[in-house]
Amino acid sequence: MNIQKTYNLLLDLFGPQDWWPAETWFEVVIGAILTQQTRWESVERAISNMKSRGITTAEDVVGTPLEELEDVVRCTGFYKQKSRRLLATAKYFAENGYGALKRRSMGRLRRELLAINGIGPETADSILLYALDKPVFVIDAYTKRICECMGMERTDYNSLQKLFEGALPEDAELFKEYHALIVEYGKQYCNKKNCDGCVLKSC
DNA sequence: AGCCAGGACTGAG
DNA sequence: CTCAGTCATGGC
């Protein structure tokens, strides 16, 4: 599998995706947590619920009763966990401040995010890349599945991540676009229900 | 009617 | 480190 070539093919196939679909950096954070094992359409509904209640910033979330948060994110499933995860993450951002965090090193940020209960590698990296503009390559279920489909031996998260990062220039915008393209491709051509028409096999 | 969605945590082997 | 069970609502 040629990682560069695959990118060009996907970009050619779908065009620029302009991810992440959000209006503010904190909306990216919210979405990163709520989209865990959940379709994006449900996440949009939850974010819409939050907006209509005036909950838009990290400080807003911190000031919202847990019960109300549960109510608002219920439509994304796992609502008891997610409401708590959202609250814990909002506290982290409210206490530290966006500007200060942006200046912090990626390694430190990643460790701090992973220390929050409910934030695993993919959620942490999504936040790092799409909310904080740090050059990390996000690995998700589609990435793993596509790589396996193309005959790659299965590896753990960090190894697969290093593989992509090592094959590409360290460019946050490129990483954003590539991950978005992988998700789009995965949704259409490489998921549990459907894994044919694999145009990527030529890579 | 089931199966699945842009995961993470826990406990066991 | 790998693996199953768990969390839960909504779409097809």
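Computed from a predicted structure; not experimentally measured. A note on names: the letters A, B, ... follow the listed sequences, proteins ahead of strands, and every chain is numbered from 1.
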Interatomic distance where [atom1] belongs to [X] and [atom2] belongs to [N] [whole Å]:
| X | N | atom1 | atom2 | result |
| --- | --- | --- | --- | --- |
| A:Asn194 | B:dC4 | CG | P | 13 Å |
| A:Leu181 | B:dG6 | CG | P | 16 Å |
| A:Tyr79 | C:dG10 | OH | P | 11 Å |
| A:Asn191 | C:dC12 | CG | P | 14 Å |
| A:Lys82 | C:dA8 | NZ | C1' | 8 Å |
| A:Lys192 | B:dC3 | NZ | C1' | 10 Å |
| A:Leu34 | B:dG6 | CG | P | 13 Å |
| A:Tyr185 | B:dG6 | OH | P | 16 Å |

- prompt: How are the rings of A:Trp19 and A:Tyr130 set relative to one another: parallel (under 30°), tilted (30 to 60°) or perpendicular (over 60°)?
  reply: perpendicular
message: Does the plane of the ring in A:Tyr98 sit parallel, tilted or perpendicular to the ring in A:Trp25? Use 30° and 60° as the thresholds.
response: parallel
- request: Name the nucleic acid region contacted by A:Lys187, choosing base, sugar-phosphate or nothing; use a 4.0 angstrom heavy-atom cut-off, strictly under.
  value: base
message: Is it true that A:Thr38 and A:Lys82 share a donor-acceptor pair across their side chains at a distance under 3.5 Å?
response: yes
In whole Å, what separates the [atom1] atom of [N] from that of [M]?
| N | M | atom1 | value |
| --- | --- | --- | --- |
| C:dT6 | B:dG6 | P | 23 Å |
| B:dC3 | C:dG5 | P | 14 Å |
| C:dA8 | B:dC4 | C1' | 13 Å |
| C:dG10 | B:dA8 | P | 22 Å |

statement: Under a 4.0 Å heavy-atom criterion, the protein footprint on nucleotides 7-13 of chain B, written with B, S and -, is BSS----
query: Nearest 0.5 Å, what's the CZ-CZ distance between A:Arg45 and A:Arg74?
result: 13.5 Å
Test item: [X] and [Y] side chains (from C-beta on) under 4.5 Å apart, heavy atoms:
| X | Y | value |
| --- | --- | --- |
| A:Phe78 | A:Gln36 | no |
| A:Leu66 | A:Lys80 | no |
| A:Glu184 | A:Gln17 | yes |

- request: Have a look at A:Val43 and tell me which of A:Ile30, A:Val73, A:Ile33, A:Leu34 forms a side-chain contact (heavy atoms from CB on, under 4.5 Å) with it.
  value: A:Leu34
statement: Comparing A:Cys75 with A:Arg154, nearest DNA chain C nucleotide closer to 5' gives the residue A:Arg154
message: Pick the closest DNA chain C nucleotide for A:Lys80 and for A:Glu41 by heavy atoms, then say which residue is nearer the 5' end.
response: A:Lys80
field: A:Trp19-B:dG6 aromatic stacking (under 5.5 Å, under 30°)
entry: yes
- prompt: Are A:Phe175 and A:Phe164 near enough that their ring centres are under 6.0 Å apart?
  reply: no
message: Using ring centroids (six-membered ring only for Trp), state whether A:Tyr142 and A:Tyr185 fall under 6.0 Å.
response: no
Proximity to DNA chain B (any heavy atom under 4.0 Å), residues of residues 44-54 of chain A only: none
